Each structure stands twice: as C-alpha cells, then as structure tokens.
2 protein chains.
Amino acid sequence: MHPLVEKILQGDTRSLARLLRSIDDRAGSYLSALTELYPHTGRASIIGITGNPGAGKSTLTDQLVAHYRRAGKKVGVVAVDPTSPFSGGAILGDRIRMQRHALDEGVFIRSLATRGNLGGISRSTADTVRAIDAWGADVIIVETVGVGQDELEIARLAHSTVVVMAPGLGDEVQAIKAGILEIADVFAVNKADRDGADSTVRDLEAMIAMGHEVHHSKVRKGPHHGPQTVDMEALAEVAGDEWLPPIVKTVASKAQGIDALADAIAKHRAFLFDTPLGEARRRARVEAELLNVFRSTLVERAVAELGAALHEAAGRVFDRSADPYTESTALVRAFAERALSTR
Amino acid sequence: MHPLVEKILQGDTRSLARLLRSIDDRAGSYLSALTELYPHTGRASIIGITGNPGAGKSTLTDQLVAHYRRAGKKVGVVAVDPTSPFSGGAILGDRIRMQRHALDEGVFIRSLATRGNLGGISRSTADTVRAIDAWGADVIIVETVGVGQDELEIARLAHSTVVVMAPGLGDEVQAIKAGILEIADVFAVNKADRDGADSTVRDLEAMIAMGHEVHHSKVRKGPHHGPQTVDMEALAEVAGDEWLPPIVKTVASKAQGIDALADAIAKHRAFLFDTPLGEARRRARVEAELLNVFRSTLVERAVAELGAALHEAAGRVFDRSADPYTESTALVRAFAERALSTR
C-alpha cells in the first residue's frame, strides 16, 4: 500500500496535502495512491461554483462552507484559476476572504493555479477532488473563475453546478449563451439587495424557458408583444421529469439566502440519485471523467515515449522537408509500436 | 490533388472559405488539403494581438489591417473566442467594427468560436492560419480575447505577439504575471491620450527590467527608495542580443501610433529571421506547432478507435468495479494494438 493512503483514509490532513503536491507535480507514485484511494471515493457531494468575476463567488463559497460546517459536515474547497497572465492577482485576494476557515480542521482549502501541464487543469482538479473525497469530505466545493473552455470541463466534474450572477454587471444575462444551461443546475442571483435583481431573475427565467424550447403559451404571462414573464410552475409541469434549474436570490455578504441555496443544491442531488434522468447524468459525468483521465494518460505517455522522435520531427518540419500532418500520423504509429514493446 | 488546393493557391477566396468550414467541422478530406498546402506556407508574417477586454484590440487590429492594405499587402484576420458561456456576445460587436474591410478582396476575415472539439481551439486556429497563409496572405493577424490557457497556446502560434494594454482599466499591470513576458514581443499602450498612459508605460518598463533580472543600478533612475524609472537604453545594452519588447503608445480610434506599432512588429520579425536567438525561437515555435498537431491527431484517432471500449470502461467505473486510472492504462494499450492492426 502507498505510504500516504492509509493516513489519508484516516483523515490525516498533512498526508492529503502531501499527495496533492505530488498530483500538482505529476511526481512520485501519485498515480498508485490515487488508484488505491479510488474505491473509497464517491461519497462526497461535489458542488461547482462558477460565474463572472465580481459576482461574489468567493463570498458565497465562504458562506456555504459555514453552512455545511454548522451541520457538522467535513468540507473541501478547491479554487481553480487556470492562470491567465491577465487575471493574475485576483485569486489571492479571494483566498484571503476564506481565512476564517483556515484553522478549522473540518475544512480543507486548496488553490490550483497550474498551467501548461499537458494533462490540463481539469485532470489535476479531478484528481485533487478524488483525493479530498477519500480523505472523508462530505461536501467538496470547486470554485472556478468562470471563463473559457477549461472551466466548462471543470464544471462537468461537479455533481451540481451553481452559476452565480449579480445584477448591475452589465447586460450579463443577454450575453450569456446556450452553454450556460448545459452547466447550470442552480442559479444564484447574488447581491440580490441591489437594483436590478428582479430583472436578472426574470431574464434567467426567460432563458430557461427558451432553453427548454417550451413555447407553450400558458407558460408566458403578459402581452404578446412587450415584456413577458414566465410562469415557472407551468413550465415545470411542461418539463415533466426534466431538471429545471431553480433561481435562488442571495446576499452572500449578509449571509442571506444561503439555506435556500443549500436546499436547492440538495434537491438537485436527490434528482441525480433518485431518478432515471439523474442516473443518466451521473453516467455521462463518469464517462467524461474517464475520457479526461484517458486523454491525459495517453498524451503524457506519448510525449514521454517519443521525446527525441518529436524533436527530430520538429527539425524536419522546421527545414520544411516534412509537414506536421504526415509527421504526426507517423508519430502516432511510432508511439503505438513503443507502447506495445516497452512493457 | 485535393479539388480546393489549386484554387486556394491561386488566391480564390471562396475555396479558402470552403476549406475553413471543413477544418471547423473536422470533415471531409481537410487533412489531405492541409498536407498538400503545407509546402506553400511559411511566407506570411503571423501577428498575434491579445490583451484584456476593453483594451481596444479590435480597433487596433482594424487600423493595422488598413496600414498593411495601404502598403499593398494581402491580409488575413482570425478572431478567436474560445467560447465561454459568459463572454458570449462581445465578439459579434467587435466583428461589426471590421466591416469597412469586409468588401475588400485583399482582406480575408474569419471568426473562430469553436468549443468542445477534442483537438482544441489552438489546433483549429493553427490549421486556419496555415490555410490563409497558402492562400497568399502577406500578413495574418490572430486576435484573441486574452484570457486562459487556450489564448496562451494561440499566442505561441504567432511570430510576433502584441499585448495591448490601456490605462484606466484598474491595476492591470500590477496584476499581470510573469507569463505575459513570455508571450509579449511588443506592448501597445492603447488609448494613450487618456490619463495614466505614462504610468502604464513606466509600470511595463519596470516589469520588463524585472523580467530580465536586470538589477544593474545603472538601469534604474531616481531615488533608491521611492518611485524609480527604468533607463530602457541602458537596459538594452545589458540585455545584449536578447529581444526586449518595445512599448508603443497608440490611440487606435484616431489612427495614432499605428506606423510605429507596425515598425516595432517589423523589427521583431527581423530579429526572428536574422539572429541566432531568433532562429531558436522559430524552432521552438515549430516544435510547439508539431506537438499541437500530434496531440490532437493522437486523441482524435484514439477516441475514434476506442469508441465502444471507452463506453464499456466508463460503465465499469460507474459500477465502481474498476477505477479510471487502471482502465486508462489498459485503454492506451488497447489503442496501441488497434492502431497497428488497422492500417
């Protein structure tokens, strides 16, 4: 057995931190540790928190942590910033806000800012979440900065993803595309004591109705031309067994709406585990996870096996005596041969 | 010969557009077309434009296009938005600003917003750039939204990358991390008629000096404690043959500073092609390009070969009778066997 595994399973925080460092560095025998830990995962509820900068994600995360701690649950927090040279300093400030939980032994907080690793940040995040799961967390909150492809992949790793909006951040809802309905299981309209919160809620309702392609007239209220509102109860009836993301108003800075948000998340979890549609979603999630691990395993292995051959091929492309497409096809074959001979 | 290749080499725009659609869809025989086009690429100067939203990237791109057109050059523009559900509408507005070039036959404009394809947006962008290069563009401008890992990879595809800053966008420069020096070949401080432009320039100079680990006292002016400025000429002397990103002030909306910017870009190109350090950079760029093509070829091929096996493995992981790490290792082997037997 891997030396850290037993201690992590007993809930030892320092051993967990050591394993997470190996995961970051893709160093040592992290893979055998993760393999041994895997049968002990699957218990934690994994909650994704995403949304634009300024929506109040970190404050909301902090309040959710406090909520779950009051209920006696062990909590993990993974804050992901697929480091852009442009976003730089933001995360540090956010982490400082979490300090009130830093000394709580029932809370484990981890920031991930890896960039440039071949496996990708989503693989590191998934491995980190699995390790914290095995450590015994009841709830793991994965907070992402909310821009770009990586975050979408990370959102897919959560059981329930909360998309955080705030009024007054410009025409945010209008700018949002279909992709958001794919990832949002719950909407939190944060800073709901500000002007414009109700209109943000209405915009979201309209988007949800559109996303479900429900054009039943009974769902829409108001004049045919002009502003319409959506009758969410009628919409739920039309949607049947499908999950409609509820919209929860919160004021995270005043701890308002947090119980309602946690309740909406719990309802979504019940949907996942108690309904056939929920099971289909959990299956799709596991398949995405496997594809994620497979893809990074494949690429890391190939680059390790082919190091010199890749460099030589690049030389030929540089001299223009070869093209990258033909070389890549040949390299795939060369990798296949080596993968079969070297074990 | 691929039916589109000859026409593209003759500069036919409709054939180019058709090939680019196949590249987006990864459909048809786009790969054989790209392979045949490859020997005819390498002539264009590829310029990356990146920076935070609001810095004025699109207006600057528009002005650079006009500049190169006045010099009689054929220009390609590739605007990349690795679609986030949060960034949604921004790009369309930007594209509308480019309309004055839409009817110019010497300008080819292409927006890329693909997301979720296994090969990744950076592969699509690179293929698109190569096709436009073969079509006969003298200059290809690749504009990215400027956040996240994908953009960094895209920036690496350009010969010369311009990072656009603007004063008054908050403590932008302070927040910027080392990564930006990796990708910036030229800095444009746009909206330079606004307050704070000089202080943005000073901040950038200080960052460049730090990035080059030049702590020679002769480079710094001013009191030992308190605000210092950097003597860029002295710094250049210390840096020797290394490239120091010049800082160009522009007011794109008034077409100011555009010639100076184009001049700085041309100087960087001369550095790339006329110096040993420049050749090393061009070699690294080709190696990154090959890795990019190889990685997406490998993953696409593996997923195509393993479709059903991946699904079955996911079922075992879902039932918890297997773990994703062991399954992934087995799948790599299964792929290697199939790759060797099926051709």
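Proteins come first, then strands; the chains are lettered A, B, ... in the order of their sequence lines, and each starts at number 1. On a predicted model such as this, the values are computed, not experimentally measured, just so you know.
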What part of Thr41(A) gets closer than 4.5 Å to chain B, counting heavy atoms only: side chain, backbone, both or neither?
both
With sequence neighbours left out, what residues match Arg281(B) under side chain to side chain contact (heavy atoms under 4.5 Å, CB included)?
Asp185(B), Trp243(B), His268(B), Phe271(B), Leu272(B)
Which heavy atom in Tyr38(B) sits nearest to a heavy atom in Ala322(A), and how many Å separate them?
CE2-O, 3.7 Å
Picking from Glu289(B), Glu337(B), Glu327(B), which has the most non-hydrogen pairs under 4.5 angstrom with chain A?
Glu337(B)
Just jot down the side chain to side chain contact (heavy atoms under 4.5 Å, CB included) partners of Glu287(A), sequence neighbours excluded, or say none.
His311(B), Ala314(B)
What are the two closest heavy atoms between Val299(B) and Leu298(A), and how far apart are they?
CA-CD2, 4.3 Å
Step by step, would you call Leu291(A) with Val303(B) a side chain to side chain contact (heavy atoms under 4.5 Å, CB included)?
CA-CA 9 Å; Leu291(A) 186 60; Val303(B) 169; 3.9 Å; yes
What pair of heavy atoms forms the shortest contact from Val293(B) to Pro324(A), and how long is it?
CG1-O, 3.8 Å
Heavy-atom closest pair, residues Leu290(B) and Leu310(A)
CD2-O, 3.6 Å
Can you say whether Arg285(B) sits under 4.5 Å from chain A via the side chain, the backbone, both, or neither, judging by heavy atoms?
neither
Determine, stepwise, if the pair Tyr325(B) / Glu36(A) fulfils side chain to side chain contact (heavy atoms under 4.5 Å, CB included).
CA-CA 10 Å; Tyr325(B) 308 102; Glu36(A) 288 175 32; over 6 Å; no
Pairs of heavy atoms under 4.5 Å with chain A: top-ranked of Val317(B), Leu31(B), Leu34(B)
Leu34(B)
Of the backbone (N, CA, C, O) and the side chain (C-beta and beyond), which part of Arg320(A) lies under 4.5 Å from a heavy atom of chain B, both, or neither?
side chain
How close do Val332(A) and Thr297(B) get, heavy atom to heavy atom, and via which atoms?
CG2-CG2, 4.0 Å
